[in-house]
Enquirer: 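Take this structure first; my questions come after.
Residue numbers run from 1 in the order of the sequence given. One-based numbering, in listed order, for ligands and for the atoms of each. Source: prediction; values computed, not measured.
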Amino acid sequence: MAPAHLPAKVARRHGSAGCRGGSATVGQVSRSVAGACPLDCPDTCAWHIEVDALGRAVSLRGDREHPFTRGALCGKVNRYLDALYAPDRLLHPLRRVGAKGAGQFERISWEEAIELAARGIQRAIDEDGPESVLPYYYAGTMGQVQGWTLGPRLFAALGASKLGTTICSAASTAALTAIHGAKVGLDPEDIAYARLVLIWGGNLLYSNVHQWRFILAAREAGGHIVTIDPLRTATADHSDEHVKLRPGTDGALALGLMRAVLDAGAADRDWLERHAVGWPELEARLREWPPARAAEECGVSLAQLEGLGQRLAATRPAAIRMGLGLQRHGGAGAAVRAISAISAVTGDWRHVGGGVAGNVSDHFPVATTETVYPSDLPRRQARTINMSRLGEALLTVDDPPVRALVVFNANPGASNPAQRQVHEGLARDDLCTVVLEHRLTDTADFADVVLPATMQPEHIDLHTAYGHLYMTWNEPAVAPPGECLPNTEIFRRLARALGLDHPRFFDSDLDIARQLLDTDGCRAAGITLETLRERGWQRTVDYPAGTAPFADGGFPSPSGKVELRSDGLASLGLDPLVGYVPPYEVVDSELAERYPLVLLCPASRFFLNSTFASTPWHLRKAGPLTVHVHPDDAAVRSLEEGEAIVVRNDRGSFEAVVTVDDAAAPGVAFLYKSHWAKLLPGGFNANATTPQRDADMGGSPTFHDNRVEIEPLRVGRRAHGLAAVGAAAPDEV
Ligand SMILES: Nc1nc2c(c(=O)[nH]1)N[C@H]1C(S)=C(S)[C@@H](COP(=O)(O)OP(=O)(O)OC[C@H]3O[C@@H](n4cnc5c(=O)[nH]c(N)nc54)[C@H](O)[C@@H]3O)O[C@H]1N2
Ligand SMILES: Nc1nc2c(c(=O)[nH]1)N[C@H]1C(S)=C(S)[C@@H](COP(=O)(O)OP(=O)(O)OC[C@H]3O[C@@H](n4cnc5c(=O)[nH]c(N)nc54)[C@H](O)[C@@H]3O)O[C@H]1N2
Ligand SMILES: [Mo]
């Protein structure tokens, strides 16, 4: 394990993203290399890795000059080097020797491994056509180069099934695109200027920690901070007000609040007339949403809803920081639209610090599509498979069936809904599965071939962000261990083995980065590969923080306005007007008889999805898989603090321990995602119960719209393996 406590006396950078020298001996820092945290998180931190004379990374710290992340890393990433040097790091290609899922492998050479993978893919193509090949990937790294470029390019050229990348935020994307034209909005830095902040469906202190500093700045200037969440999270605890609404009813809350603004005479009619489409229709619809109706639907008191409505009517600027938790429900897209509409109704876009900050990644002018599908490379049409329905795709799709699956930057065996189906599908004997990974995950255990991939300090990458407006460069700091290769190089070798010879399959990582940056937007922002490598990070928009870029409209929608009524949605058969779509299982009273508890499963403080879920420090800090149950619900079921339980519904079940608290309302239980299923006593995590059902927009999954029942694990009261490692050592708290 790398000693993480060595003195980090290094030349302070501003400028070179590359190396800074010093005459160091072993263990002493000899150079500092600038990079980016690759994790799927809004914050995309700029970091520096200190490397010793032996070429080992010895410490890691945040870049103090980065305007958004400002030198602090989160607790889990402070221990990133534990994961880099963890004993479970894969160092060599492997071939499966045991049953699928058993995790038994033997070491093979790269030549054999690539040959095996290529043979599996070719056989699927020969027998069932190219659509029987499915690449499966997500944001295990958010790096643009190691992420979704050479792999998708290769598979598109083969004519493989395309992947609908829905698992996280597709409903939010569809809704933001419908209302604003793209994923754009309030600069998250500017929330410091707001005098009212609504933190809506996001647990910032766990999953967007660097945002908090800007919220504190707003509060120090007299701002009022409200968290809207069914759970009393740490974020809610640190806010001035908590709206503890019924899960999945945010759209109704937004309509009730807009109605209150209207009733207070505070709708900004002048701004709406000039910069919105559909206000008269929305105004008419708001007449159907008196605050009392909204309060009842959301399970909040009328006094609280009216109080917040009056505050919203009276306070400018008001900022909304939208998380993604609220859009893991049936009515997700409608909710994101309705919340976004608030800022138009209040005219908040006029003001610095007013408006909605959801996903802001479309402010990054990178040429993703052009890079993945270069014009000189023939591309074949193919069907799309929704990644959130992977279980179904592997078990029931037969036109053609999926015969070869290539997984990278993702761990669907832990992170996907309908986990039993996913595992059953992965266990199919007639499926060839290739997994590019750092460790033997729940998914890799089912692979025919496992290919060891590099981690962030070992490869080049380029990062956009979804929670701030700075592009970041990642320079390799250390040599890859063992035989690990970057994803890109693995795809080059695979292309060659598949007999492909077009030069676009062999572009270098720097070529790809250059292609991504070849846009007018980058030119306007003064970003080139050279400037980015030199400086480490750069702002991606051509206006500074503290600007209200949408004060006079200019949204990237077809009309250039906020589209409260969207023709695009109408053409999809969806309600064109901002409105409310109720959740599915939350409001299903028949289902509630059998499964009385709604189970939420949001971001864990110490894992990043299932990343870090095998690293000892992180695992110890996360503790055993623990379901929080309200005292009333615990009493009815005779559940005692700390006892082993089974959580189940028709889709499956998992084992956990219970803790009794009132963070949620009666009828709502919760736990944090995503322990590795194979490290849990029953072999499944919460996703054994989560539904494979699309939300209203985008084919998004509905992880939090999930009804379950909980009972004590009576069979022999099995002691929970993880409970033993659950207690944190006192010095680590
Ligand atoms: N530490 C850590 N950070 C992470 C992650 C992680 O796993 N760990 N994951 C990363 C990823 S991939 C993502 S997408 C983001 C996710 O992070 P967030 O955007 O914060 O999303 P969630 O964690 O799903 O849920 C956030 C909050 O929404 C609440 N919520 C659930 N249902 C509803 C609802 O119906 N209405 C409202 N108003 N709130 C609701 C949950 O109780 C939770 O407190 O975080 C990223 N950052
Ligand atoms: N119950 C429940 N489930 C959820 C959610 C929830 O709220 N509740 N949230 C969902 C959300 S928001 C998301 S985004 C998904 C995330 O689901 P996934 O995208 O599957 O994320 P992880 O489970 O973290 O798996 C990422 C894997 O990528 C690997 N990886 C990282 N970098 C690289 C690389 O450079 N090369 C290669 N080859 N591999 C790499 C890591 O080792 C890790 O195993 O999970 C979803 N699952
Ligand atoms: Mo996500």
Enquirer: So if I apply the side chain to side chain contact (heavy atoms under 4.5 Å, CB included) rule between L436 and each of V407, V406, L90, which one comes out positive?
Expert: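 Answer to the side chain to side chain contact (heavy atoms under 4.5 Å, CB included) test with L436 among V407, V406, L90: V406.
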Enquirer: Tell me yes or no: between the side chains of N706 and R651, is some donor less than 3.5 Å from an acceptor?
Expert: yes
Enquirer: Quick check for you: to the nearest 0.5 Å, what is the distance between H628 atom NE2 and L599 atom CG?
Expert: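 Those atoms lie 11.0 Å apart.
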Enquirer: Quick test: of every protein heavy atom, which one is nearest to atom 31 (C) of ligand 1, and how far off is it to 0.1 Å?
Expert: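 The protein heavy atom lying closest is H704 CD2, 3.4 Å.
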Enquirer: What about L600: any of its N or O atoms under 3.5 Å from an N or O on ligand 1?
Expert: no
Enquirer: Identify, for atom 7 (O) of ligand 1, the protein heavy atom at the shortest distance, and state residue, atom and that distance.
Expert: N609 N, 2.8 Å
Enquirer: Mark the output for R439 as yes if a heavy-atom distance to ligand 2 is under 4.0 Å, and as no if none is.
Expert: no
Enquirer: Near W200, which atoms of ligand 1 are under 4.0 Å from a heavy atom of that residue?
Expert: 38 (N)
Enquirer: Kindly identify the option in H438, K673, E437 whose heavy atom sits closest to atom 43 (C) of ligand 2.
Expert: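 Result: the heavy atom closest to atom 43 (C) of ligand 2 is in E437.
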Enquirer: Say whether T454 and ligand 2 are in contact under the criterion: heavy-atom distance to a ligand atom below 4.0 Å.
Expert: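 It does, in that a heavy atom of T454 comes within the 4.0 Å cut-off of ligand 2.
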Enquirer: For atom 24 (O) of ligand 1, which of R328, R246, Q327 has the closest heavy atom?
Expert: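 Of the listed residues, R328 has the closest heavy atom.
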Enquirer: Below a 4.0 angstrom heavy-atom separation, can you tell me which part of A453, side chain or backbone, both or neither, approaches ligand 2?
Expert: side chain
Enquirer: Is there a polar contact, in the sense of an N or O pair closer than 3.5 Å, between T249 and ligand 1?
Expert: no
Enquirer: List every atom of ligand 1 that sits less than 4.0 Å from any heavy atom of F607, numbering the atoms from 1 in the order shown and giving each element.
Expert: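 Answer, ordered by atom number: 1 (N), 2 (C), 6 (C), 7 (O), 8 (N).
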Enquirer: Which label fits H618 and F612: parallel for a plane angle under 30°, tilted from 30 to 60°, or perpendicular past 60°?
Expert: parallel
Enquirer: I would like to know whether N411 and S610 meet side-chain hydrogen bond (donor to acceptor under 3.5 Å, both in side chains); could you show each step before the answer?
Expert: CA-CA 7 Å; N411 182 11; S610 77; 2.9 Å; yes
Enquirer: Would you check whether L245 reaches within less than 4.0 Å of ligand 1, judged by its heavy atoms?
Expert: yes
Enquirer: Please could you name the atoms of ligand 2 that H459 approaches to less than 4.0 Å, counting only its heavy atoms?
Expert: 35 (O)
Enquirer: Can you list the atoms of ligand 2 that are under 4.0 Å from a heavy atom of N687?
Expert: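 Close to N687: 1 (N), 2 (C), 3 (N).
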Enquirer: Give, for atom CG of N687 and atom CZ of F654, the distance between the pair rounded to the nearest 0.5 Å.
Expert: 9.0 Å
Enquirer: Where the closest heavy atom to atom 37 (C) of ligand 1 is concerned, which of V243, D250, T233, N208 has it?
Expert: D250
Enquirer: Should the pair H210 and F68 be assigned to parallel (<30°), tilted (30 to 60°) or perpendicular (>60°) ring geometry?
Expert: tilted
Enquirer: Give the atom numbers and elements of ligand 2 that come within less than 4.0 Å of a heavy atom of T441.
Expert: 44 (O)
Enquirer: Which residue owns the protein heavy atom closest to atom 19 (O) of ligand 1, what's the atom, and how far is it?
Expert: L324 N, 2.7 Å
Enquirer: Relative to atom 1 (N) of ligand 1, which among S604, A603, S207, G140 owns the nearest non-hydrogen atom?
Expert: S604
Enquirer: With atoms numbered from 1 as shown, which atoms in ligand 2 lie under 4.0 angstrom from a non-hydrogen atom of N487?
Expert: 34 (C), 35 (O), 36 (N), 37 (C), 38 (N)
Enquirer: When you measure from atom 32 (N) of ligand 1 to every protein heavy atom, which one gives the shortest distance, and what is it?
Expert: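 Going atom by atom, the protein heavy atom closest to atom 32 (N) of ligand 1 ends up being H329 NE2, 3.0 Å.
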Enquirer: Under 4.0 Å, heavy-atom basis, I'd like to know which part of L436 is in contact with ligand 2: side chain, backbone, both or neither.
Expert: both
Enquirer: Could you tell me the residue and atom name of the protein heavy atom closest to atom 22 (P) of ligand 2, and the distance to it rounded to 0.1 Å?
Expert: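 Residue, atom and distance for the closest contact: S610 OG, 3.5 Å.
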Enquirer: Can you tell which of P583, C601, G201, G323 gets a heavy atom nearest to atom 26 (C) of ligand 1?
Expert: G201
Enquirer: How does N416 reach ligand 2, by side chain, by backbone, by both or by neither, if only non-hydrogen atoms under 4.0 Å count?
Expert: neither
Enquirer: So, applying side chain to side chain contact (heavy atoms under 4.5 Å, CB included) with T249, which one of E296, H329, E297 is it?
Expert: E297
Enquirer: Measure the acute angle between the ring planes of F606 and W617, then classify it against the limits of 30° and 60° as parallel, tilted or perpendicular.
Expert: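 Perpendicular.
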Enquirer: Tell me whether the rings of F491 and F155 are parallel (<30°), tilted (30 to 60°) or perpendicular (>60°).
Expert: perpendicular
Enquirer: At a non-hydrogen distance cut-off of under 4.0 Å, which region of N409 contacts ligand 2 (side chain, backbone, both, or neither)?
Expert: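 Looking at N409 and ligand 2, atoms from backbone and side chain both fall under 4.0 Å.
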Enquirer: Report the nearest protein non-hydrogen atom to atom 35 (O) of ligand 1: residue, atom name, distance rounded to 0.1 Å.
Expert: G248 N, 2.6 Å
Enquirer: Is any NZ, NE, NH1 or NH2 atom of the basic residue among R492 and D509 found under 4.0 Å from an Asp or Glu carboxylate oxygen of the other?
Expert: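 Yes, charged N to carboxylate O under 4.0 Å.
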Enquirer: For atom 14 (S) of ligand 1, which protein heavy atom lies nearest, and how many Å away is it?
Expert: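 Here the nearest protein heavy atom works out to C168 SG, 3.1 Å.
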Enquirer: For atom 44 (O) of ligand 1, what is the nearest protein heavy atom, given as residue, atom name and distance?
Expert: D229 OD2, 2.5 Å
Enquirer: Considering only protein heavy atoms, which is closest to atom 10 (C) of ligand 1, and at what distance to one decimal place?
Expert: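 Result: D40 O, 2.9 Å.
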Enquirer: Looking at ligand 1, would K76 count as a contact under a 4.0 Å heavy-atom criterion?
Expert: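 Judged by the 4.0 Å heavy-atom criterion, K76 does count as contacting ligand 1.
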Enquirer: Does any N or O of ligand 1 fall below 3.5 Å from an N or O anywhere on G325, backbone included?
Expert: yes
Enquirer: N/O of P230 under 3.5 Å from N/O of ligand 1, yes or no?
Expert: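 Such a contact does not occur with ligand 1.
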Enquirer: Look only at interatomic distance and state if P247 has a nitrogen or oxygen under 3.5 Å from any nitrogen or oxygen of ligand 1.
Expert: no
Enquirer: Under 4.0 angstrom from ligand 1, any heavy atom of Y138?
Expert: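 Y138: no contact with ligand 1 (<4.0 Å).
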Enquirer: Where does Y466 meet ligand 1, judged by heavy-atom distances below 4.0 Å: at the side chain, the backbone, both, or neither?
Expert: side chain
Enquirer: Between D445 and K678, is there a salt bridge with N-O shorter than 4.0 Å?
Expert: yes
Enquirer: Provide the number and element of each atom of ligand 2 under 4.0 Å from a heavy atom of L608.
Expert: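 What qualifies from ligand 2 is 24 (O).
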Enquirer: Taking heavy atoms and a distance under 4.0 Å, where does N411 meet ligand 2: side chain, backbone, both or neither?
Expert: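 Both backbone and side chain.
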